[in-house]
Enquirer: 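Below: one structure in structure tokens.
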Amino acid sequence: MRPPRHITPAALLLPFALLLAGCGGSSRADGAGGGTGSGTDGKGSLTLNVGDQKGGSETLLRAAGELDDLPYKIKWSTFTSGPPLLEAVNAGAVDIGAVGNTPPVFAAAAKSKIKVIAGAHSRSDGEAILVKKDSPLKNPAQLKGKSIAVAQGSSANYQLVASLKKAGLTPKDVTLNYLQPADALAAFTRGKVDAWAVWDPYTSQALDQADARVLTTGQGLVNGLSFQVAAPAALDDKKKAAALKDYTARLRRAQNWVFKHPDAWAKAWAKETGLPQKVALDAVKRTRGTAVTVAVDKAAVASEQQIVDTFAKLKLIPRTFDFGEFVDPRFNGDLPPSGTAPRTYGKGH
């Protein structure tokens with residue numbers, strides 16, 4: 001349902017500000033210290049410090065019942081996005097946290113102390129370039145000379161570059177407006193930009209509330225991967241390493257639960273983030289619920305290397321490097337290959 005015409009773009013900003021996702025978003029954390037604590041779960045003498053985002057791993061694990069029998073403690077710290085979360089991992093303030101496919105590239109380029117230890121493969125329909133419903137633009141090739149809002153260094157940034165390349169264009173053929181989601185929403189709603197490259201749940205919310213339609217998606221163009229990134233010091237600690245293995249197994253079970261219970265997860269996600277429940281369910285069925293936990297294998301490394309090389313060529317990162325040096329595959333175990341097809345809820349999603 002579209003909002004009444006008298007509602008200003010500012011009225012739509014609150015849920016967006018509450019949910020800056022791991023694949024991009026603000027470079028500032030909620031608290032002055034880089035993350036805000038949101039409580040502790042579990043029992044025992046060992047504490048695992050977990051970096052999270054609003055409506056992220058903590059909400060997921062709690063909804064799935066995976067925090068009910070923790071033999072160790074989890075101390076949660078909440079961040080607005082992947083970059084500051086990985087800064088905390090680098091500083092040793094956080095042992096592990098979930099991010100999208102691009103923040104590890106930027107963190108590794110800055111020589112951060114991080115190790116990618118687990119992955120998930122989702123559909124990429126939520127990685128979209130949006131235009132207004134009444135826009136004359138019908139295909140990506142028509143973006144030439146147009147202005148596009150995108151969060152710099154986000155997964156949407158890479159999806160935009162890939163979409164332009166497929167259409168025979170480069171970033172130099174368009175005007176890029178580097179804006180974080182809340183600012184991009186305002187610019188998009190007011191017609192200050194011709195298009196907006198973004199990810200779910202922003203895609204679902206813009207389609208529902210900002211009079212948007214999809215020009216193109218990242219399906220078939222981007223890798224659809226997200227990662228659990230740990231601190232090397234935590235991996236070197238035998239007790240913490242064992243807890244990390246258990247933690248990633250709980251996340252895998254919780255993700256399986258989400259696919260089977262999309263409505264229950266959407267309700268919990270909406271309550272935590274302030275998203276309308278319809279928007280949350282749309283995002284779950286379009287992308288979030290389709291994730292399959294996968295190994296961080298050679299194919300995943302090669303796919304991430306493409307992002308490294310692309311951003312290095314565009315000078316969005318200061319250097320190129322071997323992404324494999326920032327991967328620890330010890331928890332791959334019996335996980336399926338990274339190219340394993342994501343789940344789907346059927347036609348229309």
Enquirer: Which residues satisfy the salt bridge (Lys or Arg N to Asp or Glu O under 4.0 Å) test with K240, sequence neighbours excluded?
Expert: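 K240 satisfies salt bridge (Lys or Arg N to Asp or Glu O under 4.0 Å) with D95 once adjacent residues are dropped.
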
Enquirer: Which residue pairs pass the ring-ring contact (aromatic ring centres under 6.0 Å, His included) test with at least one member in residues 205-261, sequence neighbours excluded?
Expert: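 Of all non-adjacent pairs touching residues 205-261, those that pass ring-ring contact (aromatic ring centres under 6.0 Å, His included) are W257-H261, F259-Y345.
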
Enquirer: May I have all residue pairs that pass ring-ring contact (aromatic ring centres under 6.0 Å, His included) and include part of residues 96-127, sequence neighbours excluded?
Expert: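 Only F106-F311 qualify under ring-ring contact (aromatic ring centres under 6.0 Å, His included).
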
Enquirer: Treat each ILVMFWY residue as a node, draw an edge where side-chain heavy atoms are under 4.5 Å apart, and state whether I317 and V116 are in one component.
Expert: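 They do share one cluster, since a chain of ILVMFWY contacts under 4.5 Å joins I317 to V116.
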
Enquirer: Which residues satisfy the salt bridge (Lys or Arg N to Asp or Glu O under 4.0 Å) test with D68, sequence neighbours excluded?
Expert: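 Salt bridge (Lys or Arg N to Asp or Glu O under 4.0 Å) list for D68, sorted by chain: empty.
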
Enquirer: Are V301 and L335 joined in one hydrophobic group, where the rule is that I, L, V, M, F, W and Y side chains link up if heavy atoms are under 4.5 Å apart?
Expert: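 No, V301 and L335 fall in different hydrophobic clusters.
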
Enquirer: After noting the C-alpha distance and the side-chain angles of I74 and E58, does the key distance pass the side chain to side chain contact (heavy atoms under 4.5 Å, CB included) rule?
Expert: CA-CA 10 Å; I74 291 180; E58 180 183 358; over 6 Å; no

Enquirer: What pair of heavy atoms forms the shortest contact from L160 to A197, and how long is it?
Expert: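 What the structure gives for the nearest pair is CB-CB, 4.1 Å.
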
Enquirer: Return yes if some donor-acceptor pair links the side-chain N/O of S112 with the main-chain N/O of I114 below 3.5 Å, else return no.
Expert: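 Side chain of S112 to backbone of I114, a donor-acceptor pair under 3.5 Å: no, none is there.
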
Enquirer: Can D309 and K313 be counted as an ion pair, charged N to O under 4.0 angstrom?
Expert: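 A salt bridge is absent here (no side-chain N lies under 4.0 Å from a carboxylate O).
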
Enquirer: Set out, in order, the CA-CA distance, both residues' side-chain angles and the distance that settles side chain to side chain donor-acceptor pair (under 3.5 Å) for D194 and S147, then state yes or no.
Expert: CA-CA 5 Å; D194 298 303; S147 58; 3.2 Å; yes

Enquirer: Backbone N or O of L207 within a donor-acceptor pair of the K133 side chain at under 3.5 Å?
Expert: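 Here the side-chain-to-backbone pair does not exist.
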
Enquirer: What distance do D200 atom CG and T290 atom OG1 have between them, rounded to the nearest 0.5 Å?
Expert: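 D200 CG to T290 OG1: 9.5 Å, rounded to 0.5 Å.
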
Enquirer: Rounded to the nearest 0.5 Å, how far apart are OG1 of T102 and CD of E304?
Expert: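 Result: 7.0 Å between the selected atoms.
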
Enquirer: Could you walk me through whether R286 and T203 pass the side chain to side chain donor-acceptor pair (under 3.5 Å) test, one step at a time?
Expert: CA-CA 10 Å; R286 184 178 285 110; T203 297; over 6 Å; no

Enquirer: Can R330 and D328 be counted as an ion pair, charged N to O under 4.0 angstrom?
Expert: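 Yes, this pair counts.
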
Enquirer: Looking at side-chain heavy atoms only, is the closest gap between L60 and R288 below 4.5 Å?
Expert: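 Heavy-atom side-chain distance check fails, nothing below 4.5 Å.
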
Enquirer: In the structure I gave you, are the side-chain heavy atoms of L225 and V294 within less than 4.5 Å of one another anywhere?
Expert: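 Side chain of L225 against side chain of V294, heavy atoms only: contact under 4.5 Å found.
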
Enquirer: Can you tell me how far CD1 of I129 sits from CG of N139, rounded to the nearest 0.5 angstrom?
Expert: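 Rounded to the nearest 0.5 Å, the CG-CD1 separation comes out at 11.0 Å.
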
Enquirer: Once rounded to the nearest 0.5 Å, what's the spacing between atom CD of Q159 and atom CG of N223?
Expert: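 Nearest 0.5 Å value for the CD-CG distance: 12.0 Å.
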
Enquirer: Does some side-chain heavy atom of S155 sit less than 4.5 Å from a side-chain heavy atom of E127?
Expert: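 Yes, side chains in contact.
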
Enquirer: Flag the pair K260 / R343 as yes when at least one side-chain heavy-atom distance between them is below 4.5 Å, and no otherwise.
Expert: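 Not touching, per the 4.5 Å side-chain cut-off.
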
Enquirer: Give a yes or no on whether the backbone of S57 and the side-chain of D52 come within a donor-acceptor separation of less than 3.5 Å.
Expert: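 Present.
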
Enquirer: Given side chains that start at C-beta, do those of Q305 and T320 come closer than 4.5 Å, heavy atoms only?
Expert: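 Result yes, sub-4.5 Å side-chain heavy-atom pair found.
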
Enquirer: Are L235 and F331 side-chain neighbours, meaning at least one heavy-atom pair lies under 4.5 Å?
Expert: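 The answer is yes; the side chains approach within 4.5 Å.
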
Enquirer: Test side chain to side chain contact (heavy atoms under 4.5 Å, CB included) on T293 and L251; report intermediate values, then the result.
Expert: CA-CA 8 Å; T293 306; L251 285 171; over 6 Å; no

Enquirer: Show your working on salt bridge (charged side-chain N to carboxylate O under 4.0 Å, His left out) between D236 and K115 and close with a plain yes or no.
Expert: CA-CA 11 Å; D236 290 339; K115 289 289 185 180; over 6 Å; no

Enquirer: Test of understanding: clusters of I, L, V, M, F, W, Y form through side-chain heavy atoms closer than 4.5 Å, transitively. Do Y202 and L179 belong to the same one?
Expert: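 No: no chain of side-chain contacts under 4.5 Å links Y202 to L179.
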
Enquirer: Please report the closest heavy-atom contact between T59 and A268, naming both atoms and the distance.
Expert: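 Shortest heavy-atom contact: CG2-O, 4.0 Å.
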
Enquirer: Dump the intermediate steps for side chain to side chain contact (heavy atoms under 4.5 Å, CB included) on I307 and F323, then the final yes or no.
Expert: CA-CA 10 Å; I307 300 177; F323 189 82; over 6 Å; no

Enquirer: With side chains defined as the heavy atoms from C-beta onward, is the minimum distance between S163 and L221 less than 4.5 Å?
Expert: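 Of all side-chain heavy-atom pairs linking L221 with S163, at least one is under 4.5 Å.
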
Enquirer: I need the L169 CG to Q142 CD distance, nearest 0.5 Å.
Expert: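 So the CG of L169 and the CD of Q142 are separated by 10.5 Å.
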
Enquirer: Check the side chains of D246 and Y72 for a donor-acceptor pair under 3.5 angstrom, ignoring hydrogens and angles.
Expert: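 Their side chains do contain a donor-acceptor pair, which is all the 3.5 Å distance test asks for.
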
Enquirer: Would you name the heavy atoms of Q152 and N157 that are closest together and state the gap between them?
Expert: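 Smallest heavy-atom distance, with atoms named: CA-OD1, 3.5 Å.
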
Enquirer: Between V94 and V50, which heavy-atom pair has the shortest distance, and what is it?
Expert: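 Taking every non-hydrogen atom into account, CG1-C, 4.1 Å.
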
Enquirer: Take V174 and K146, measure what side chain to side chain contact (heavy atoms under 4.5 Å, CB included) needs, and give me the verdict at the end.
Expert: CA-CA 5 Å; V174 300; K146 304 300 182 183; 5.5 Å; no

Enquirer: Kindly write out the residues that satisfy salt bridge (Lys or Arg N to Asp or Glu O under 4.0 Å) with R213, not counting sequence neighbours, or none if the list is empty.
Expert: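 Applying salt bridge (Lys or Arg N to Asp or Glu O under 4.0 Å) to R213 gives none.
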
Enquirer: With rounding to the nearest 0.5 angstrom, report the CD1 to CD1 distance, I117 to I96.
Expert: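 The CD1 atom of I96 is 3.5 Å from CD1 of I117, to the nearest 0.5 Å.
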
Enquirer: Provide the closest heavy-atom pair for T287 versus R123 in the form atom of the first, atom of the second, distance.
Expert: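 Heavy-atom minimum between the residues: CG2-O, 3.4 Å.
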
Enquirer: Decide, yes or no, whether a salt bridge links D263 with K267 under the criterion of side-chain N to carboxylate O below 4.0 Å.
Expert: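 Not counted as a salt bridge, because no side-chain N and carboxylate O are separated by less than 4.0 Å.
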
Enquirer: Taking the side chain as C-beta and beyond, is there a heavy-atom pair between T217 and S124 under 4.5 Å?
Expert: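 With C-beta onward as the side chain, the pair stays apart.
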
Enquirer: Tell me the closest heavy-atom pair linking S338 and A299, and the distance in Å.
Expert: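 Heavy atoms only, the tightest pair is OG-CB, 3.7 Å.
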
Enquirer: Whether K192 and D183 form a salt bridge (side-chain N of Lys/Arg under 4.0 Å from carboxylate O of Asp/Glu) is what I want to check.
Expert: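 No, this pair does not count.
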
Enquirer: Once salt bridge (Lys or Arg N to Asp or Glu O under 4.0 Å) is applied, do any residues pair with D297, and if so which ones, sequence neighbours excluded?
Expert: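 Testing D297 for salt bridge (Lys or Arg N to Asp or Glu O under 4.0 Å), a comparison that skips the adjacent residues, returns none.
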
Enquirer: Looking at N332 and V296, would you say the former's side chain and the latter's main chain have a donor-acceptor pair under 3.5 Å?
Expert: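 At least one qualifying donor-acceptor pair exists.
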
